[in-house]
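Read through the structure below, which is laid out as structure tokens, and then see the notes.
These values consider heavy atoms only, across backbone and side chains, with no hydrogens, waters or symmetry-generated copies. Quick caveat, the model's predicted, so the values are computed rather than measured.
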2 protein chains.
Amino acid sequence: MWHVEAEGLIAHDVLAVVLRMAPSSPEVLLWQRAREPHSGRWALPGGRLGATEDVEVSVRRHLAEKVDLGEVAHVEQLSVFSDPHRGPAPRRVATAFLGLVPSDADPAVPADTAWHPVDALPETAFDHGEITRDGLERLRAKLSYTNIGFALAPEVFSISELRRLYAAALGHRVSATNLQRVLTRRGVLVPTGTTAAPGPSGGRPAALFRFSERRLRVTDPFATLRPPEGARDC
Amino acid sequence: MWHVEAEGLIAHDVLAVVLRMAPSSPEVLLWQRAREPHSGRWALPGGRLGATEDVEVSVRRHLAEKVDLGEVAHVEQLSVFSDPHRGPAPRRVATAFLGLVPSDADPAVPADTAWHPVDALPETAFDHGEITRDGLERLRAKLSYTNIGFALAPEVFSISELRRLYAAALGHRVSATNLQRVLTRRGVLVPTGTTAAPGPSGGRPAALFRFSERRLRVTDPFATLRPPEGARDC
DNA sequence: CGAGGTTTTCGCCTGTTGGTCGAAAACACG
DNA sequence: CGTGTTTTCGACCAACAGGCGAAAACCTCG
């Protein structure tokens, strides 16, 4: 260790806020640190940025150590955390990502790793609690104007299930009627034609749907300032 | 220089895409490199992340070398650019920011620095062209669902001027009628009660407005999935 | 000082979107 | 075959945005 900071060289980490919707609340994937600093506290998956990878490749590599990557339906960059005092020296800068796991997936995880409800986090390492809340906030915002729900839902699902997922993520009730109409009109939801078996207590069998696309797309953003009728440049 | 990359230590830069709306198109602030690599090409303002600052403090510090910070009305983080081949070795990771300068500001800039129209960039250094386009894209998106226009407009302005700014940023015509109504209803625009002097060729004097708040705020995001009437959690 | 030109502002109409409610449909069970 | 349960659908309404054209307020020039 020499004058590394005088050299302006800094350790760069990547971190992932991996969320999954439990029946009525969001959960985040955390692992318990066994070494100092912050031994015993719970941390986000992640690690050092490697010499030959960009941050997204890196976060996927580190994530693969904690969870089956095939179960992670979506990954996107959140932001950089670089407060010089965000952890004990030496200084570290981290690029945080948001990862989403469908509600029907239950990937195997190592012994030190577990899901924790976001609204009742255990003692977290460094600023990982704050980063987690940032991740949930991003998810909430994007649920309104993108098709990002595809990453929370199973391949096929009923409107009731989807309603439950949206309600869990957003933290407030969601109207099934409205959800179906809006998402259908936007073209993100398509009926499969099949129906699910009714629950144990009866009830009309639910029609099953799927997302038309399983990649992130912003659904027609705000109407305001939309290009005028003839979509001509000015 | 030792095995720095084996150490996982990486040079971290900050960069700023500073945009200003010329009469009919967006311009970005660039400076011409005088040294290798990429000598002669045009680059975004920025530099090394310092040991005692976070990325936002850092980008403001570097920006101050190229332009009067008092004229920059808004700064926000864009994203991290970390492709191992985004520039010649040694490897560099950069956090990019978006900065906005009101149309009536004309800050003094150094001799090597100038405004360039975004749709006709000169030969840019590294990936700075791509980063610039990312910045403009972010601005366009946020114009629709935030009050970010405050950072493009003078303190007080007429609807016509504002219409021009929005049209320049968005790249398509904008209806003055609609712009005024929508922004007023959202509460981001408030009339000052004063009027501007008519132009040289006459015409009705324009009423002057100001933004109700000169800090970024998201104006009621999508109606979809808005909490139901009684804004109660679930 | 009035006519014609210019720019801004305002009102009206229309189409779309989202929120709400309640009835109807489709199932299980006794 | 009624009752309870769950899902689905239609109808209504309020809010919002886009478009248009008339009216308002100013100029200059004859």
Enumerate all atom pairs, one protein N or O and one N or O from nucleotides 26-30 of chain C, separated by less than 3.5 Å.
from	atom 1	to	atom 2	distance (Å)
C:dA26	N3	A:R204	N	3.3
C:dC27	O2	A:G203	N	3.0

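- One finds no side-chain N or O of A:R173 lying less than 4.0 angstrom from the OP1 or OP2 phosphate oxygen of C:dT20.
- Within residues 157-165 of chain A, the residues having any heavy atom closer than 4.0 Å to DNA chain D are, in order of number, A:I159, A:S160.
- Of the N and O atoms on the side chains of B:S160 and B:S158, not one donor lies less than 3.5 Å from an acceptor on the other residue.
- Side-chain atoms of A:T194 do not come within 3.5 Å of backbone N or O of A:L208 as any donor-acceptor pair.
- The separation between A:N178 atom CG and C:dG19 atom C1' is 6 Å, rounded to whole Å.
- Interface remark: the A:R181 side chain does not form any donor-acceptor pair with the D:dG10 base, using a distance-only criterion of under 3.5 Å.
- If you check every strand for non-hydrogen atoms under 4.0 Å, B:A207 touches sugar and phosphate atoms only.
- Shown are A:L98, A:V14, A:T95; of these, the side-chain contact (heavy atoms from CB on, under 4.5 Å) with A:Q77 is made only by A:T95.
- A:E56 and A:R60 are joined by a salt bridge, as a carboxylate oxygen and a charged side-chain nitrogen come within less than 4.0 angstrom of each other.
- Distances shorter than 4.0 Å separate some side-chain N or O of A:Q180 from OP1 or OP2 on D:dC9.
- Not counting sequence neighbours, the partners of B:F157 by the ring pair (Phe, Tyr, Trp, His ring centres under 6.0 Å) test are B:F211.
- A search for salt bridge (Lys or Arg N to Asp or Glu O under 4.0 Å) contacts involving B:R217 returns B:E213, not counting sequence neighbours.
- Between the CG atom of A:L179 and the C1' atom of D:dT7 there is a distance of 14 Å, rounded to whole Å.
- For B:D134, there are no salt bridge (Lys or Arg N to Asp or Glu O under 4.0 Å) partners two or more places apart in sequence or in a different chain.
- When rounded to the nearest whole Å, the span between CG of A:L170 and C1' of C:dG18 equals 15 Å.
- Ranked by how close their nearest DNA chain D nucleotide is to the 5' end, B:T177 and B:R185 are led by B:R185.
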Anything under 3.5 Å between a donor and an acceptor, one on a side chain of residues 103-125 of chain B, the other on a protein residue two or more places apart or in another chain? List them.
from	atom 1	to	atom 2	distance (Å)
B:D106	OD1	B:R20	NH1	3.3
B:D112	OD2	B:K66	NZ	3.1
B:T124	OG1	B:G129	N	3.4

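- The main-chain N or O of A:L100 is never found under 3.5 Å from a side-chain atom of A:H74 such that the two would form a donor-acceptor pair.
- One atom, CG of A:L189, and another, P of D:dT8, lie 11 Å apart when rounded to the nearest Å.
- Distance CG (B:L208) to C1' (C:dT8): 12 Å, rounded to an integer number of Å.
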